[in-house]
**Q** 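Submitted below is the structure of interest, expressed as structure tokens.
In listed order, ligands and their atoms are each counted from 1.
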Amino acid sequence: MENIMGQLSLENVSVQYQGADSFAIENITFTLNKGEIVGLLGHNGAGKTTTLECLAGLLQPTKGVRKVTGKLVYIPSDLYLYNMLTVEETLLFVGRLHGMLKKQIIERADFLLEVFDLSEKRHIYTKELSFGMKNKLALITGLLPDPQVLLLDEPMTGFDALSTKKTKDFLLQFMSNDKTILLSSHRLDIVEDLCERILVINKGKLIFDGDILTLKKQQNVDSNLESALLKLTDPDQGEENSLLLK
Ligand SMILES: Nc1ncnc2c1ncn2[C@@H]1O[C@H](COP(=O)(O)OP(=O)(O)OP(=O)(O)O)[C@@H](O)[C@H]1O
């Protein structure tokens, strides 16, 4: 891989958790290029979070190599927020961890709080936010340092319809600045709206890497990503599925 900012890859990566008798993910290989927004799909326990944590550098692969260039931010699905900090204090704290100046943090926070309709909550303790608002703040903490690579695990859980629409629009706008996003979600409507390319993990193995349209064509499904995905991950089709990997 050339040293292009915003590129990331896993090469033959396997992870076996301590005490486990099998791999959580096995022999995973893919590259994401600058400017791509890619969906990471799979059933519960398939290995999506393990893959994201590997890319984020939080988990050391048992085997294989991880390569990332550029500033990367990972927002887990259950990001811990300090209860006794206000929304603004949380952003000042996170911004400082990223080496940002106070003026920079406040400017960017003003902008992002406005985008995500949280301006009125800036002096509220995080413990007083609703579930959806906490998840919005988690996403804002990720966007605050303007990373080149964003890894998102179920980023819009608890968002209402308008917030989901605004967030999708914002992420597409964010992408036009040549960012790279890997988005893990069970919300297939969100994935279809944002991503052309998807990675599908099934029982720890990458069984599809390609365009959503290609998957639908291969599975003989006209319009519905859910049906195509269910056909792909149907255990009875396991043999055929391994042939679909590009
Ligand atoms: N800390 C851990 N220790 C041991 N096993 C783990 C650990 N974290 C995850 N696993 C196991 O690794 C496998 C993959 O889990 P992972 O969390 O990556 O799945 P996922 O695709 O993100 O699932 P979900 O959609 O439910 O969030 C599962 O079998 C899970 O039980």
Side-chain angles (χ1 to χ4, degrees), residues 8-32 37-68 72-81 131-132 134-136 138-139 141-142 149-159 164 167 171 180-195 197-210 212 215 224-235 237-238 241-242 244-245:
L8 60 158
S9 70
L10 294 182
E11 285 169 27
N12 298 312
V13 164
S14 301
V15 171
Q16 186 164 11
Y17 287 104
Q18 219 170 5
D21 51 13
S22 59
F23 289 108
I25 55 172
E26 196 171 357
N27 228 11
I28 301 259
T29 298
F30 62 80
T31 297
L32 301 193
I37 175 160
V38 176
L40 180 60
L41 304 180
H43 296 314
N44 291 130
K48 303 179 298 296
T49 301
T50 305
T51 303
L52 291 175
E53 289 191 355
C54 255
L55 281 167
L58 297 173
L59 258 181
Q60 196 60 31
T62 314
K63 290 192 232 167
V65 180
R66 156 201 183 259
K67 289 183 186 162
V68 175
L72 175 148
V73 167
Y74 167 50
I75 304 296
S77 55
D78 55 351
L79 183 78
Y80 179 78
L81 296 169
F131 176 69
K134 281 182 186 159
N135 286 336
K136 283 185 185 178
L139 187 55
T141 63
V149 179
L150 200 50
L151 306 178
L152 301 174
D153 200 351
E154 288 294 350
M156 291 175 229
T157 307
F159 284 25
T164 304
T167 307
L171 289 177
T180 312
I181 300 182
L182 183 60
L183 167 95
S184 173
S185 181
H186 294 293
R187 286 279 308 274
L188 300 183
D189 56 329
I190 292 176
V191 172
E192 275 212 270
D193 285 348
L194 289 177
C195 312
R197 178 180 166 201
I198 52 169
L199 305 172
V200 181
I201 299 189
N202 197 32
K203 296 179 184 158
K205 299 211 168 92
L206 184 65
I207 60 165
F208 183 84
D209 175 358
I212 292 177
L215 176 67
N224 193 328
L225 174 59
E226 185 182 46
S227 309
L229 199 61
L230 288 172
K231 274 180 102 174
L232 176 71
T233 53
D234 180 343
Q237 299 191 18
N241 291 343
S242 62
L244 300 179
L245 187 58

**Q** Do K48 and E154 make a side-chain contact, defined as non-hydrogen atoms from C-beta onward lying under 4.5 Å apart?
**A**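 Sidechains of E154 and K48: no contact.
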**Q** For residues V149 and L55, determine if any side-chain heavy atom of one lies less than 4.5 Å from a side-chain heavy atom of the other.
**A**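 No, their side chains stay 4.5 Å or more apart.
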**Q** With no hydrogens and no angle check, is any side-chain donor or acceptor of D153 less than 3.5 Å from a backbone partner on T49?
**A**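 Looks like no, no N/O pair under 3.5 Å.
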**Q** Which pairs of donor and acceptor atoms, one on a side chain in residues 15-26, lie under 3.5 Å apart (sequence neighbours left out)?
**A**
unit_1: Q16; atom_1: NE2; unit_2: A20; atom_2: O; d: 3.0
unit_1: Y17; atom_1: OH; unit_2: T50; atom_2: OG1; d: 2.9

**Q** Should the heavy atoms of other residues, nucleotides or ligands under 6.0 Å from NZ of K205 be counted, would the total exceed 12?
**A**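 No, not enclosed.
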**Q** Answer yes or no: is there a side-chain heavy-atom contact under 4.5 Å between L182 and L199?
**A**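 L182 vs L199: side chains touch.
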**Q** Under a 4.0 Å heavy-atom cut-off, which residues neighbour ligand 1?
**A**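 These residues qualify: Y17, A24, H43, N44, G45, A46, G47, K48, T49, T50, H186.
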